[in-house]
Amino acid sequence: MAKKLLEMKNLKIYFMQDGKELKAVDDISYYVNEGETLGIVGESGCGKSVSSMGILRLLDSPPAKYAGGEILFEGKDLLKISNDEMRSIRGNDISIIFQEPMTSLNPIKTIGDQIAEAMILHQNLSKREAKAEVVQLLNLVRIPNAERIANEYPFTLSGGMCQRCMIALALACRPKLLIADEPTTALDVTIQAQVLHLMNDLKSKINASIIFITHDLGVIAEMADRVMVMYSGKVVEVADVVDIFENPKHPYTIGLIRSKPDLETDADRLEVIPGNVPDLNSKPGGCPFHPRCDKAGPRCAEEFPEEMRISDGHTVACWLHIKGGVGNE
């Protein structure tokens, strides 16, 4: 049986604005097993990045507020440990690749210095030892002329090269969990494919678990073992990657899949989900997707449904699949 590396229980992350609580992450629960890749999908504004930043406690408080729940990493609640303990985990046991490498790297420090800093801090290496490790890491992420690149500044490199450097930085201490927050968004298709192949290769080499956040279902099909679909701060469906594409249950998941280009069909236009993700200031009651859902009924506007088990590993939060709900009256 797979062992859980990370488990999130009923996490709530709110932002305070003018005395009002804005529910960015609203009572979500999920887990990541050792050695697996969990894909998190949803449109912009669904809470994907906020939930991942919350794992590392990178959100400024205020305005952010951890309003409840637990984030268990190897059984330890990350919300209850000291700042010093959290610093020892960041970059060491849990690392993150941000979605925009050109702004995530320090422009006034060389690539080598930025990668070495983590190893000196967490691995107790000397500057000389860290410098040698930096070159090995850059070679690992397939950067040519690694010794020269280590002495370059980020602004002298392309976006693809900077993203490889970001991956090297994230892998510097051989983390147990790697959070990849839309790491290919700023890259062209060719470089994107190379980075995805690289991450899959590195995952097997260091046996890390990955949380892969994206809005691109094609990338999810390539990377994930299991998939979690988020909408407006809620988890609406979870399934393994094959099941989510072949047997989606939530209307939002179905809409996302149908809006993906398919070369095997003759459709002239892509299907779209009408409307937009609700603003945090004006979230509807009940299921937040109901204003955009063509299957919604009165109950959908009144309360959010409980999670229903469809099969082993496949759960959905939708009144359509609850006895006495929208579609079962």
Side-chain angles (χ1 to χ4, degrees), residues 4-32 38-83 85-87 89-91 93-100 104 177-183 185 209-215 226-238 252 276-289 303-307 315 317:
K4 293 178 182 177
L5 178 67
L6 178 86
E7 185 173 13
M8 193 174 287
K9 296 182 177 181
N10 306 110
L11 181 68
K12 300 176 182 179
I13 301 177
Y14 300 163
F15 288 95
M16 305 305 296
Q17 185 181 76
D18 299 327
K20 183 180 179 181
E21 291 182 337
L22 307 181
K23 299 179 179 181
V25 174
D26 191 8
D27 196 16
I28 72 169
S29 300
Y30 69 84
Y31 64 89
V32 184
L38 174 69
I40 302 181
V41 298
E43 296 166 277
S44 296
C46 285
K48 308 185 301 298
S49 294
V50 173
S51 64
S52 67
M53 297 277 278
I55 294 171
L56 288 168
R57 282 169 41 185
L58 293 175
L59 301 167
D60 290 334
S61 180
K65 172 186 175 182
Y66 293 90
E70 299 175 299
I71 303 174
L72 303 177
F73 179 71
E74 296 185 317
K76 180 185 296 184
D77 189 353
L78 299 182
L79 296 181
K80 293 181 179 178
I81 63 177
S82 68
N83 289 332
E85 286 180 284
M86 195 68 234
R87 276 192 291 270
I89 289 174
R90 288 191 200 109
D93 293 320
I94 306 175
S95 287
I96 186 166
I97 303 170
F98 296 103
Q99 59 183 288
E100 182 45 79
S104 301
L177 175 64
L178 179 63
I179 301 170
D181 187 3
E182 302 200 35
T185 297
S209 300
I210 298 176
I211 295 176
F212 199 99
I213 300 167
T214 184
H215 59 271
R226 288 188 304 118
V227 182
M228 181 175 84
V229 183
M230 287 190 70
Y231 185 80
S232 193
K234 294 281 194 181
V235 175
V236 297
E237 187 164 5
V238 181
Y252 181 60
N276 298 293
V277 178
D279 185 86
L280 292 180
N281 275 304
S282 56
K283 291 178 69 170
C287 172
F289 186 63
E303 61 179 308
F304 189 78
E306 293 183 5
E307 183 180 83
T315 60

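- A side chain to side chain contact (heavy atoms under 4.5 Å, CB included) with I97 holds for exactly one of I179, I213, L178; it is L178.
- Counting heavy atoms from C-beta on, the side chains of E74 and L177 never come closer than 4.5 Å.
- The two residues A317 and V235 make their nearest non-hydrogen contact at CB-O, 4.0 Å.
- Taking OH from Y252 and CE from M230, the interatomic distance works out to 10.0 Å, rounded to the nearest 0.5 Å.
- Shown here for I55 and Y30, the closest heavy-atom pair between the two residues is CD1-OH, 3.6 Å.
- No side-chain heavy atom of D27 sits less than 4.5 Å from a side-chain heavy atom of F304.
- Tested against M228, the residues T315, V236, I211, V238 include a single side chain to side chain contact (heavy atoms under 4.5 Å, CB included) partner, V238.
- Under the 3.5 Å distance criterion, the side-chain polar atoms of S29 are matched with a main-chain donor or acceptor of N10.
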Could you pull out every donor-acceptor pair under 3.5 Å between side chains of residues 16-25 and any protein atom, sequence neighbours left out?
from	atom 1	to	atom 2	distance (Å)
Q17	OE1	N281	ND2	3.3
K20	NZ	N281	O	3.0
E21	OE2	K65	NZ	2.8

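- Taking CG of L78 as the reference point, atom CG of D93 lies at 9.5 Å (rounded to 0.5 Å).
- In this view, E43 and R292 satisfy the salt bridge (Lys or Arg N to Asp or Glu O under 4.0 Å) rule, not counting sequence neighbours.
- Of all heavy-atom pairs between V277 and G45, the closest is CG1-O, 3.7 Å.
- Separating the CD1 atom in I13 from the CG atom in L79 is a distance of 8.0 Å, to the nearest 0.5 Å.
- Shown here are the side-chain hydrogen bond (donor to acceptor under 3.5 Å, both in side chains) partners of K283, two or more places apart in sequence or in another chain: there are none.
- The minimum heavy-atom distance between K48 and V41, with the atom names listed, is CD-C, 3.6 Å.
- With sequence neighbours excluded, no residue forms a side-chain contact (heavy atoms from CB on, under 4.5 Å) with S44.
- Note that the OG atom of S51 and the CD1 atom of I71 stand 9.0 Å from one another [nearest 0.5 Å].
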Could you please spell out the steps behind the side-chain contact (heavy atoms from CB on, under 4.5 Å) verdict for R57 and I81? CA-CA 11 Å; R57 282 169 41 185; I81 63 177; 3.6 Å; yes
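- The nearest pair of heavy atoms linking P288 to P278 is O-CG, 4.4 Å.
- Atom-to-atom distance recorded for H215:NE2 and C46:SG is 12.0 Å, nearest 0.5 angstrom.
- How far CG of L38 is from CG of L6: 9.5 Å, rounded to the nearest 0.5 Å.
- For R226, the salt bridge (Lys or Arg N to Asp or Glu O under 4.0 Å) test picks out E36, with sequence neighbours left out.
- Looking only at side-chain heavy atoms (C-beta outward), Y66 and L59 come within less than 4.5 Å of each other.
- Here D26 pairs with K234 under the salt bridge (Lys or Arg N to Asp or Glu O under 4.0 Å) rule; sequence neighbours left out.
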For M53 and F98, what are the C-alpha separation, side-chain angles and deciding distance, and is it a side-chain contact (heavy atoms from CB on, under 4.5 Å)? CA-CA 10 Å; M53 297 277 278; F98 296 103; 3.8 Å; yes
